[in-house]
Amino acid sequence: MVKPTYTRDAVRSALPRDTMPDAEMDPTTAYQLVHDEVMLDGNSRLNLATFVATWMGDEADRLYAEVYDKNMVDKDEYPRTAEIEERCWRILGSLWNVPDVTASIGTSTVGSSEACMLGGLALKRRWQASRRAAGLSTERPNLVMSSAVQVCWEKFCNYFEIEARYVPIEADHPCLDGSNVTAYVDENTIGVVAIMGVTYTGMYEPVQEISAALDALQARTGLDVPIHVDGASGAMIAPFLQPDVEWDFRLPRVHSISTSGHKYGLVYPGVGWVVWRTLDALPEELVFRVSYLGGDMPTLALNFSRPGAQVLLQYYQFLRLGREGYTAIQQESQDIAKLLAHGIADIGAFDLWNDGSDIPVFAWQLKAGHTENWNLYHLSDRLRMKGWLIPAYPMPDDLADLTVQRIVVRNGISRGLADDLLADIRTETEWLDGLSSPMPSEGQRSGFHH
Ligand SMILES: *Cc1c(COP(=O)(O)O)cnc(C)c1O
């Protein structure tokens, strides 16, 4: 195989798409083919749709390359990796003010979706156990949450046969709050999900107010309904940027908290975490025992094998950054989010939905009556031509007529890039405003990036 790369037979023939090729090929050729095909993906650093970390730095990249072969489930064979996983969820538990870390339990997962499912399953089993103990039916469990929940909760309810009760968001209740939640709760409610960092807009749901409303409900009716906090992004922002907001284990009603290590935990995909306040919050029958260093090690996860490297990268970030480093990074992301949000508001064509002061994520809509000629899908398309991936999408349910566009600011979106982005948004808005007739199509529906 000494032929020049792009003259080799395998490169000059059509790529196999549906069946495995009969013959082998040189690894350098195969490498080049895959490498070249994904060039068309676009640049992940300019993907302002995703919450997921796209930059970690050279030392992390080196560590990743050294440990990519670790299977997280082999706790007996990789006891140090298993030990580091434990350290990580304990660090998170204390970051979230768990009253007694030695009485708590947690695990890593492949992401928040799996973490949320485990949290939800624990709620379901706990509810079933207490209903059975009281001789009551366990046939119709329901889960109460905002209509703006991430799709993983719809999946959870679908896969595990639970009625999903969505509390609609409205213009004057832009997220789930204490004012209306209890109307949806009854004796069959396994729990309430509160979101720290709604994916559509980046806003925090007021967990404290939701909790207070459930306290009042308990005083009135005796129903004791636990909360799972879906802190996919916010659980790694609030401890650093809004330490006084009480959303975590400081609220006794919060039984469990999940987060995505690969979002503002600053690790490449995929790692998530879930921590329960106490062992009681996690019914024993959900925990499997594997032998570990002659003792036994509790595990709970939907998958068996999964990568251990991300867990080690999470620990690397905790060591590398500490509280100071996380605070500095999240603060910088927030400063840039606010700068972008206010810069976009200054253009005059848009109304901000929020400005990034919860998590560094914000959304905007076209000002009512601004134009009939174009919409945010067109703006999204125009920006894509310049390399920026900034989705436009409809809000959920009752607000589905409303289109918003959203930017997620992450570590690695520098001030310089933000200035360039703002200039491009201004230029493209002016270009669209200069049209003398409507854009021909409705604009490309880029689809909602959760
Ligand atoms: C991203 C997100 C999820 C899903 O997390 P993954 O880590 O992508 O599985 C769940 N809930 C919220 C609020 C999210 O932002």
Side-chain angles (χ1 to χ4, degrees), residues 44 47-54 88-89 92 96 106-121 123 143 145-159 164 166-167 169 174-176 191-207 210 227-238 247-248 254 256-275 301-303 306-307 310-311 313-314 330 333 337 354 356 358-363 391 393 395-396 404 406-410 447-450:
S44 66
N47 175 2
L48 304 191
T50 186
F51 284 79
V52 172
T54 49
C88 286
W89 67 252
L92 289 169
W96 300 332
T107 185
S108 69
T109 60
V110 290
S112 275
S113 301
E114 186 186 10
C116 290
M117 297 210 189
L118 296 175
L121 275 172
L123 294 177
L143 183 67
M145 58 204 150
S146 155
S147 61
V149 281
Q150 211 267 354
V151 67
C152 73
W153 290 106
E154 291 171 46
K155 282 191 192 169
F156 168 70
C157 289
N158 179 337
Y159 294 173
Y166 298 115
V167 181
I169 60 163
C175 50
L176 182 72
V192 171
V193 176
I195 315 168
M196 282 297 280
V198 176
T199 27
Y200 289 80
T201 57
M203 296 166 88
Y204 288 152
E205 291 186 338
V207 188
I210 295 169
I227 293 176
H228 174 89
V229 178
D230 174 358
S233 46
M236 290 307 288
I237 296 287
W247 62 275
D248 55 14
V254 172
S256 46
I257 299 175
S258 52
T259 196
S260 295
H262 53 221
K263 291 184 175 175
Y264 289 101
L266 308 176
V267 176
Y268 294 132
V271 62
W273 300 96
V274 54
V275 178
L302 297 182
N303 221 67
R306 64 197 162 80
Q310 274 75 1
V311 167
L313 288 176
Q314 184 77 78
Q330 315 304 36
S333 294
N354 61 319
D358 289 344
I359 58 173
V361 172
F362 65 96
Y393 52 88
M395 292 291 277
V404 299
R406 184 193 71 188
I407 285 179
V408 178
V409 178
R410 304 185 309 275
F448 177 49
H449 296 258
H450 286 278

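Quantities reported herein were computed from a predicted structural model and do not represent experimental measurements. Each ligand, and each atom within it, is numbered from 1 in the order the structure gives.
Set against the non-hydrogen atoms of Thr199, the atoms of ligand 1 under 4.0 Å away are 14 (C), 15 (O). Within ligand 1, counting atoms from 1 as listed, the ones closer than 4.0 Å to a heavy atom of Ser260 are 5 (O), 6 (P), 7 (O). For ligand 1, the atoms sitting less than 4.0 Å from at least one non-hydrogen atom of Ile195 are 13 (C), numbered in the order shown with element in parentheses. Each of the following atoms of ligand 1 lies closer than 4.0 Å to a heavy atom of Cys152: 10 (C).
For the pair Ser112 and ligand 1, the shortest N or O to N or O distance falls below 3.5 Å. Considering both main-chain and side-chain atoms, Trp153 never comes within under 3.5 Å of ligand 1 through any nitrogen or oxygen pair. Residue contacts with ligand 1: Lys263 is placed with a nitrogen or oxygen under 3.5 Å of a nitrogen or oxygen of the ligand (distance criterion only). Remark: ligand 1 and Asp230 share an N or O pair separated by less than 3.5 Å (distance only, no angle test).
In this structure, Trp153 CH2 and His228 NE2 are separated by 4.0 Å, a value rounded to the nearest 0.5 Å. How far CZ of Phe51 is from CD of Gln150: 8.5 Å, rounded to the nearest 0.5 Å.
Asp248 places no side-chain N or O within 3.5 Å of a backbone atom of Val229 that could act as its donor or acceptor partner. Although no hydrogens or angles enter the test, the distance criterion places no donor-acceptor pair under 3.5 Å between the side chain of Trp273 and the main chain of Gly106. With Arg306 contributing its side chain and Ser108 its backbone, the two residues share a donor-acceptor pair below 3.5 Å. Listed for the His262 side chain is no donor-acceptor partner under 3.5 Å among the backbone atoms of Ala53.
Partners of Ala194 according to the side-chain contact (heavy atoms from CB on, under 4.5 Å) rule, which considers only residues two or more places apart in sequence or in another chain, are Glu205, Val207, Ile210, Ile227.
Taking only non-hydrogen atoms, the option from Gly234, Ser113, Gly197 nearest to atom 9 (O) of ligand 1 is Ser113.
Not a single heavy atom of Glu114 sits less than 4.0 Å from an atom of ligand 1.
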